[in-house]
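These notes are about the structure you will find just below.
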Amino acid sequence: MKSFNLLSEPTEILYNQGKSAMTDYHIIAAIANIGVDKAREILKLADNRLSELAKWDMEKWLKIEGIGYTRATALVTSFELGRRRMVEQPDKRIKINCSQDVYNCMKPYLFDEVVEHFYIVLLNRNNQVVKLHKISSGGTHGTLADPKLIFKKALDYLASGLILVHNHPSGNLNPSESDKRLTQRLIEVGKSLEIPVLDHLIFTDASYLSFADEGLI
């Protein structure tokens, strides 16, 4: 085991023990080139939750004493790189067998989001995902979903079925009345085009609600 006085604590742990031995604050310290005590302080501001830090924008980071533009950029982009790694699609098409599969499929796209987004998951006859498409983005309390845009995209990809997904940044899993009305409207349109709406998921970082599982479809 090697030890060099000039190495920072995170670097020494990484070299001697490997990346899995690094704590969250060691990793933050390494990314931002700050002291371990400062990294602990930052984590404490986020209730020791990396998921909270992932939501911080440049403005929020710049409010931290000692975090200038260079360090803030390193931190924001490191979380973004992690998110993009999750989005990277495997060579094999994902097959949807249940609502949990949909939730897992959407995590890279909706995790840590602070505003609402509305997605459609387009499936082929084998229930394999042929396309994930964002229909709209909105504020913290809602986003619009135009049926014409939804089914145009489904027709473009010759989808045999589709699943609706939108997130609730508040963490509330209860569907609103507008959620229910929109779902019913899209079900009717889907029937006429022979592209059935198979489910509608309300996504939160902690869990999800499936309209199909709850008997709402």
Side-chain angles (χ1 to χ4, degrees), residues 51 54-55 80 82-217:
S51 60
K55 298 175 184 178
E80 174 62 14
R83 188 194 68 80
R84 293 188 185 190
R85 168 63 184 88
M86 292 173 66
V87 170
E88 194 172 66
Q89 292 294 313
D91 294 334
K92 187 177 180 181
R93 277 185 171 174
I94 299 169
K95 187 169 184 178
I96 302 300
N97 294 308
C98 62
S99 57
Q100 182 69 50
D101 291 341
V102 182
Y103 182 68
N104 292 339
C105 182
M106 294 306 303
K107 278 183 179 180
Y109 300 88
L110 292 175
F111 214 71
D112 296 329
E113 288 293 339
V114 296
V115 298
E116 280 200 15
H117 304 280
F118 196 103
Y119 278 83
I120 54 173
V121 182
L122 302 178
L123 306 177
N124 62 19
R125 292 186 182 278
N126 295 320
N127 281 345
Q128 293 173 317
V129 177
V130 294
K131 180 69 176 178
L132 297 174
H133 183 73
K134 184 194 293 187
I135 295 297
S136 62
S137 296
T140 56
H141 299 296
T143 182
L144 298 175
D146 188 335
K148 293 188 293 295
L149 294 178
I150 289 172
F151 284 98
K152 179 184 183 302
K153 188 61 63 173
L155 290 168
D156 286 345
Y157 283 86
L158 301 177
S160 296
L162 64 87
I163 296 171
L164 315 170
V165 184
H166 80 281
N167 63 314
H168 280 181
S170 66
N172 180 9
L173 285 173
N174 294 321
S176 66
E177 288 304 313
S178 61
D179 289 338
K180 294 176 182 178
R181 288 194 298 270
L182 174 64
T183 304
Q184 192 56 46
R185 182 182 177 193
L186 293 174
I187 288 172
E188 295 305 317
V189 176
K191 286 179 180 177
S192 65
L193 294 175
E194 297 184 348
I195 306 175
V197 174
L198 303 173
D199 202 352
H200 185 169
L201 259 69
I202 295 176
F203 182 106
T204 72
D205 285 358
S207 188
Y208 69 93
L209 178 138
S210 160
F211 276 55
D213 292 351
E214 297 297 321
L216 298 175
I217 289 183

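One-based numbering along the sequence shown.
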Side-chain contact, heavy-atom cut-off 4.5 Å: [X] with [Y]?
X	Y	value
P175	L209	yes
L123	V129	yes
L186	F151	yes
D179	I202	yes
L216	T183	no
L110	H117	yes
H166	L182	no
I217	I187	yes

Original post:
In terms of the angle between their ring planes, are F111 and F203 parallel, tilted or perpendicular, with boundaries placed at 30° and 60°?
Top reply: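 Rings of F111 and F203: perpendicular, as their planes differ by over 60°.
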Original post:
Parallel under 30°, tilted from 30 to 60°, perpendicular over 60°: which one fits the rings of H200 and F118?
Top reply: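 Correct class here is perpendicular.
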Original post:
So does K180 pair up with E177, basic N to acidic O under 4.0 Å?
Top reply: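 Looking at E177 together with K180, the answer is yes, because their closest N to O distance falls below 4.0 Å.
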Minimal non-hydrogen separation, [X] against [Y], with atom names:
X	Y	value
K134	S137	CD-OG, 3.3 Å
A145	I150	CB-CD1, 4.1 Å
L132	C105	CD1-SG, 3.9 Å
K131	Y157	CE-OH, 3.6 Å

Original post:
Would D112 and R83 count as a side chain to side chain contact (heavy atoms under 4.5 Å, CB included) if you check the C-alpha gap in whole Å, the side-chain angles of each, and the deciding distance to 0.1 Å?
Top reply: CA-CA 9 Å; D112 296 329; R83 188 194 68 80; over 6 Å; no
Original post:
Can you list the steps and then say if N124 with N126 is a side chain to side chain donor-acceptor pair (under 3.5 Å)?
Top reply: CA-CA 5 Å; N124 62 19; N126 295 320; 4.7 Å; no
**OP:** Scan N167, L164, V165 and name whichever one has a side-chain contact (heavy atoms from CB on, under 4.5 Å) with L201.
**Re:**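 Going through N167, L164, V165 one by one, the side-chain contact (heavy atoms from CB on, under 4.5 Å) with L201 is satisfied by V165 alone.
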**OP:** Evaluate the side chain to side chain contact (heavy atoms under 4.5 Å, CB included) criterion for residues L155 and I195: first the C-alpha distance (whole Å), next the side-chain angles of each, then the deciding distance (0.1 Å), finally the verdict.
**Re:** CA-CA 9 Å; L155 290 168; I195 306 175; 3.7 Å; yes
Original post:
Does the side chain to side chain contact (heavy atoms under 4.5 Å, CB included) test come out yes or no for M106 and V121, once each step is laid out?
Top reply: CA-CA 9 Å; M106 294 306 303; V121 182; 3.9 Å; yes
**OP:** In sequence, state the C-alpha distance, the side-chain angles, and the governing distance for R185 and E188, and then conclude on salt bridge (Lys or Arg N to Asp or Glu O under 4.0 Å).
**Re:** CA-CA 5 Å; R185 182 182 177 193; E188 295 305 317; over 6 Å; no
Subject >> Criterion side chain to side chain contact (heavy atoms under 4.5 Å, CB included) on L173 and H168, from CA distance to verdict >> reply: CA-CA 7 Å; L173 285 173; H168 280 181; over 6 Å; no
